[in-house]
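Shown next, in structure tokens, is the structure this report addresses.
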Amino acid sequence: MHYWLMKSEPDEYSIDDLERDGVEMWDGVRNYQARNFMRDEMKVGDTVFFYHSNTKRVGIYGLAEVASRPYPDPTAFDKNDKHFDPRSKREDPTWYLVDVRFKQKFEHPITLEQMKQDKKLEGFRLLAKGNRLSVFPTEERYAKHILSLV
DNA sequence: GCCAACGTTGGC
DNA sequence: GCCAACGTTGGC
């Protein structure tokens with residue numbers, strides 16, 4: 001059982017969208033490191049912190065869980081999709097994803113500002129300078145602490 | 001909208 | 001293999 005953090009721009013896809021949909025593909029990831037985490041390390045049932053980036057109040061807005069094994073990202077094959085990647089072939093896909101299932105929306109988001117000021121989160125990858133990865137593991141000690149703040 | 005940080009591309 | 005140029009991410 002691992003913990004993950006996954007970022008989304010709420011204008012694109014928010015925790016409210018996931019609550020409405022229940023389960024959704026985490027499509028459009030076009031970064032190899034992030035892909036590798038999804039393809040090689042995620043397990044069904046892993047806990048996901050749902051982070052809103054590029055918005056007024058950035059932070060963790062709720063919880064989801066990994067709801068499928070990894071499979072090829074179909075949007076990479078779709079010419080009409082904005083995440084289309086002609087290099088990804090059906091017989092040899094470049095991009096993979098997992099499904100995520102809504103678990104919980106926090107009553108109050110745990111803001112980035114709050115986390116930055118929290119001594120117990122020193123070293124958490126989210127807070128590292130220049131971190132732009134949209135999918136990455138969250139060590140248990142940080143995960144447990146974040147959950148204690150909810 | 002700005003811009004620092006980072007990942008990718010491509011010429012050499 | 002190096003590295004400059006470019007595109008993207010994401011906080012502010």
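Residue numbers begin at 1 in each chain, while the letters A, B, ... track the order of the sequences. Owing to the predicted nature of the structure, the values given are computational and were not obtained by experimental measurement.
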Show me the donor-acceptor pairs within less than 3.5 Å that the side chains of residues 103-117 of chain A make with the rest of the protein, sequence neighbours left out.
{"unit_1": "A:Lys105", "atom_1": "NZ", "unit_2": "A:Asp16", "atom_2": "OD1", "d": "2.8"}
{"unit_1": "A:Thr111", "atom_1": "OG1", "unit_2": "A:Gln114", "atom_2": "N", "d": "3.0"}

[X] has an atom [atom1]; how far is it from atom [atom2] of [N], in whole Å?
X: A:Lys129; N: C:dT9; atom1: NZ; atom2: C1'; value: 16 Å
X: A:His52; N: C:dT9; atom1: NE2; atom2: P; value: 17 Å
X: A:Met6; N: C:dG10; atom1: CE; atom2: P; value: 13 Å
X: A:Asn131; N: C:dG11; atom1: CG; atom2: P; value: 9 Å
X: A:Phe136; N: C:dG10; atom1: CZ; atom2: P; value: 9 Å
X: A:Gln33; N: C:dT9; atom1: CD; atom2: P; value: 15 Å

A:Ala67: what forms a side chain to side chain contact (heavy atoms under 4.5 Å, CB included) with it, not counting sequence neighbours? A:Val23, A:Asp99, A:Arg101

Please identify each residue that fulfils side chain to side chain donor-acceptor pair (under 3.5 Å) with [X], with sequence neighbours left out.
X: A:Thr75; result: A:Arg30, A:Asp73
X: A:Arg87; result: A:Asp85
X: A:Asp27; result: none
X: A:Lys82; result: A:Glu12

The answer to which of A:Tyr32 and A:Asn54 contacts DNA chain B further toward the 5' end, by nearest nucleotide, is A:Asn54

Any pair with a residue in residues 124-134 of chain A that passes salt bridge (Lys or Arg N to Asp or Glu O under 4.0 Å), sequence neighbours left out, goes on the list, sorted by first then second residue, please. none

Closer than 4.0 angstrom, basic N to acidic O: yes or no for A:Lys89 and A:Asp92?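 Here A:Lys89 does not pair with A:Asp92 in a salt bridge, since their nearest N and O are not under 4.0 Å apart.
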
Please list each protein N or O that sits under 3.5 Å from an N or O in nucleotides 3-8 of chain C, with the distance.
{"unit_1": "C:dT8", "atom_1": "O2", "unit_2": "A:Arg132", "atom_2": "NH1", "d": "2.4"}

Using a strict heavy-atom distance below 4.0 Å, which residues from residues 108-119 of chain A are in contact with DNA chain C? A:Leu112, A:Lys116

Per-pair distances, 0.1 Å, donor-acceptor, side chain in residues 35-49 of chain A, under 3.5 Å, sequence neighbours excluded:
{"unit_1": "A:Arg35", "atom_1": "NH1", "unit_2": "A:Thr94", "atom_2": "O", "d": "3.0"}
{"unit_1": "A:Asn36", "atom_1": "OD1", "unit_2": "A:Arg39", "atom_2": "NH2", "d": "3.4"}
{"unit_1": "A:Asn36", "atom_1": "ND2", "unit_2": "A:Tyr32", "atom_2": "O", "d": "3.4"}
{"unit_1": "A:Asp46", "atom_1": "OD1", "unit_2": "A:His2", "atom_2": "N", "d": "3.0"}
{"unit_1": "A:Asp46", "atom_1": "OD2", "unit_2": "A:Trp4", "atom_2": "NE1", "d": "2.9"}
{"unit_1": "A:Asp46", "atom_1": "OD2", "unit_2": "A:Lys43", "atom_2": "N", "d": "3.0"}

Give the residues of residues 81-97 of chain A touching DNA chain B, defined as any heavy atom closer than 4.0 Å, sorted by residue number.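 Correct list: A:Arg87.
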
Contact summary for A:Trp95 and A:Asn31, nearest pair of heavy atoms: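 Heavy atoms only, the tightest pair is CZ3-N, 3.6 Å.
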
Please set out all donor-acceptor pairs under 3.5 angstrom arising from side-chain atoms of residues 137-150 of chain A, sequence neighbours excluded.
{"unit_1": "A:Glu139", "atom_1": "OE1", "unit_2": "A:Arg141", "atom_2": "NH1", "d": "3.0"}
{"unit_1": "A:Glu140", "atom_1": "OE2", "unit_2": "A:Lys144", "atom_2": "NZ", "d": "2.5"}
{"unit_1": "A:Tyr142", "atom_1": "OH", "unit_2": "A:Glu122", "atom_2": "O", "d": "2.8"}
{"unit_1": "A:His145", "atom_1": "NE2", "unit_2": "A:Asp118", "atom_2": "OD1", "d": "3.2"}
{"unit_1": "A:His145", "atom_1": "NE2", "unit_2": "A:Asp118", "atom_2": "OD2", "d": "2.7"}
{"unit_1": "A:Ser148", "atom_1": "OG", "unit_2": "A:His145", "atom_2": "O", "d": "2.6"}

